[in-house]
Protein chains: 2
Amino acid sequence: MTQSPWQPISPEKPARPVREPLSRERIVDTAMRMLVEQGYEAVSMRKVAQALGTGPASLYAHVANKQELDNLLVNRAAREMEFPEPDPDNWQEQLKASMREMLRVMRAYPGVARAAIGQIPLGEQAMLSTERFLAILKAGNLPDQAAAWAVDLIPLYVTAVAFEESVQRTWEWTEDDIEGFVSELRSYFNSLDPQRFPITIALAGALTSGGSGDERFEFGIQVITAGLASLARQQG
Amino acid sequence: MTQSPWQPISPEKPARPVREPLSRERIVDTAMRMLVEQGYEAVSMRKVAQALGTGPASLYAHVANKQELDNLLVNRAAREMEFPEPDPDNWQEQLKASMREMLRVMRAYPGVARAAIGQIPLGEQAMLSTERFLAILKAGNLPDQAAAWAVDLIPLYVTAVAFEESVQRTWEWTEDDIEGFVSELRSYFNSLDPQRFPITIALAGALTSGGSGDERFEFGIQVITAGLASLARQQG
DNA sequence: TTCGCGGTAGAACGGTGTTCGTCCACGAAC
DNA sequence: GTTCGTGGACGAACACCGTTCTACCGCGAA
């Protein structure tokens with residue numbers, strides 16, 4: 001009882017607390033914007049709440065926990081992916097194009113990869129992209145089991161690539177930093193003990209090429225596509 | 001000056017603060033043991049320090065930061081991997097065996113995968129395993145550039161698989177939990193809109209099979225190996 | 001008009017990585 | 001033999017994190 005009993009109750013309303021009410025939609029919108037602008041690390045329950053002008057506890061009325069919010073972000077991103085209509089004569093190129101599309105979206109929302117890795121994507125949009133991949137793989141005449149495991153393998157690879165990139169982006173390297181690092185790396189390889197690392201030294205040039213990641217990714221999807229093609233049933 | 005001036009100086013030594021001095025080695029040993037026994041989440045700078053009977057600040061005299069400690073753990077784990085001598089007639093099977101070996105070690109040290117993902121492994125032991133993989137790939141007559149990118153792709157895939165498993169292990173699921181989840185998943189697939197998810201529904205069985213992960217992993221290394229083989233130069 | 005209820009939100013709990021500044025033991029120098 | 005400098009040890013603190021407790025309050029139903 002530290003308050004004076006005659007204190008006026010509610011001094012002319014406390015600064016209009018009405019505001020637009022919270023909602024799942026508004027929370028995901030805000031989190032997504034922060035993800036794009038400031039990266040995954042910046043998307044904390046506290047900061048999302050602060051951006052919405054409230055406290056962290058308020059979010060929990062609409063979102064179960066951080067993990068669910070991550071899942072919602074993944075699903076929101078998946079909404080933007082576009083896939084071709086399956087064409088049996090062209091399924092390998094379609095598969096590659098779809099993987100490129102997946103990486104494109106994940107690059108556009110850095111941090112979504114981190115949210116996506118290690119979770120089974122069961123949201124509406126994510127399931128739709130699975131369906132699209134399955135359609136392409138079936139057009140390629142893959143056995144059911146191979147197609148099923150492939151739609152596990154493919155997002156795993158693309159997500160891992162995107163995640164790796166996003167981790168390195170966290171370190172905030174400029175183009176020059178990368179160039180410097182690559183040349184340092186090359187001379188590090190060359191300084192190794194030739195007795196123990198003969199091949200690493202011989203391939204120092206090849207090992208340090210393709211730093212941008214695009215070429216490496218192209219290589220990866222080529223390997224996966226060719227590997228899957230080798231499992232396709234002859235004819236149809 | 002709150003102390004009494006006649007107070008005896010150093011009351012028979014303050015509980016022997018000598019102890020064995022800290023060192024990088026001791027820190028990594030302790031962290032590794034905690035990683036094995038309690039998982040990655042339990043390995044914090046504070047807890048490692050506590051296990052060593054000191055405060056967190058003491059570690060920073062020997063280890064730059066948490067990330068460096070993670071790297072040291074990765075390198076320590078890589079020390080345990082064993083690779084076959086390259087055999088040109090058997091390189092595909094050797095490649096698969098090496099990937100299995102890599103996964104085996106990463107499973108033995110849950111959390112190492114999490115520490116490894118998104119970093120270029122430049123430690124002594126990690127470089128050695130790269131060298132071994134290169135030897136096998138060269139035995140398979142892969143072009144230099146393909147071999148170089150392959151030793152990027154291969155650890156990326158294995159690490160991603162191990163990381164995914166370790167994330168799911170964090171959730172502490174029993175065998176029964178998994179079974180229940182899989183059957184739930186199956187009925188979820190079957191409850192989807194047949195208009196929009198025809199293939200997902202048709203393949204519900206295949207999609208939910210191989211829950212243990214071993215079969216999925218075997219599929220993955222088969223795809224990668226076959227894909228790489230398709231890039232090998234004809235003959236030598 | 002009253003009551004109940006659900007969204008809001010401040011405060012707090014128990015954690016995290018990292019840094020600051022103090023203290024002290026030890027080896028080198030005088 | 002004594003002094004001094006230095007580097008490791010480390011308690012305390014900083015700025016965060018996800019989550020929960022609990023009080024409050026406005027609004028719709030009764």
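Throughout, protein chains are lettered first and strands after them, A, B, ... in sequence-line order, and every chain is numbered starting at 1.
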Could you go through nucleotides 15-18 of chain C and list every protein N or O atom that sits under 3.5 Å from one of its N or O atoms, giving the distance for each pair?
residue, atom, partner, partner atom, Å
dT16(C), OP1, S44(B), OG, 3.0
dT16(C), OP1, K47(B), NZ, 3.3
dG17(C), OP2, M45(B), N, 3.0
dG17(C), N7, R46(B), NH1, 2.5
dG17(C), O6, R46(B), NH1, 3.0
dG17(C), O6, R46(B), NH2, 3.4
dT18(C), OP2, Y60(B), OH, 2.8
dT18(C), OP2, K66(B), N, 2.8
dT18(C), O5', Y60(B), OH, 3.3

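By the 4.0 Å N-to-carboxylate-O rule, E68(A) lies close enough to R24(A) to be salt-bridged with it.
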| request: Show your reasoning for whether ring pair (Phe, Tyr, Trp, His ring centres under 6.0 Å) applies to F133(A) and F83(A). | output: CA-CA 8 Å; F133(A) 270 111; F83(A) 298 102; 5.3 Å; yes
| Between L52(A) and L59(A), is a side chain to side chain contact (heavy atoms under 4.5 Å, CB included) present by the stated rule, with each step listed? | CA-CA 10 Å; L52(A) 287 163; L59(A) 305 185; 4.1 Å; yes
| task | Report the C-alpha separation of M102(A) and M81(A) in whole Å, then their side-chain angles, then the decisive distance to 0.1 Å, and conclude whether the side chain to side chain contact (heavy atoms under 4.5 Å, CB included) test is met. | result | CA-CA 6 Å; M102(A) 201 170 186; M81(A) 302 197 308; 3.7 Å; yes
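Look at CG on L69(A): it is 14 Å from C1' on dC17(D), rounded to the nearest Å. As a whole-Å value, the separation of R26(B) CZ from dG8(D) P is 15 Å. One interatomic measurement links the two molecules: CD of Q50(B) to C1' of dC10(D), which rounds to 14 Å at whole-angstrom precision. With rounding to whole Å, L59(A) atom CG is found 10 Å from dA9(C) atom P.
Between dG7(C) and S58(A), no contact under 4.0 Å exists linking OP1 or OP2 to a side-chain N or O. A close approach under 4.0 Å does not occur between any side-chain nitrogen or oxygen of T54(B) and OP1 or OP2 of dA9(D).
Counting only residues at least two apart or on different chains, the salt bridge (Lys or Arg N to Asp or Glu O under 4.0 Å) pairs with a member in residues 57-66 of chain A are K66(A)-D70(A).
Aromatic ring orientation, W149(A) versus F219(B): tilted (interplanar angle from 30° to 60°).
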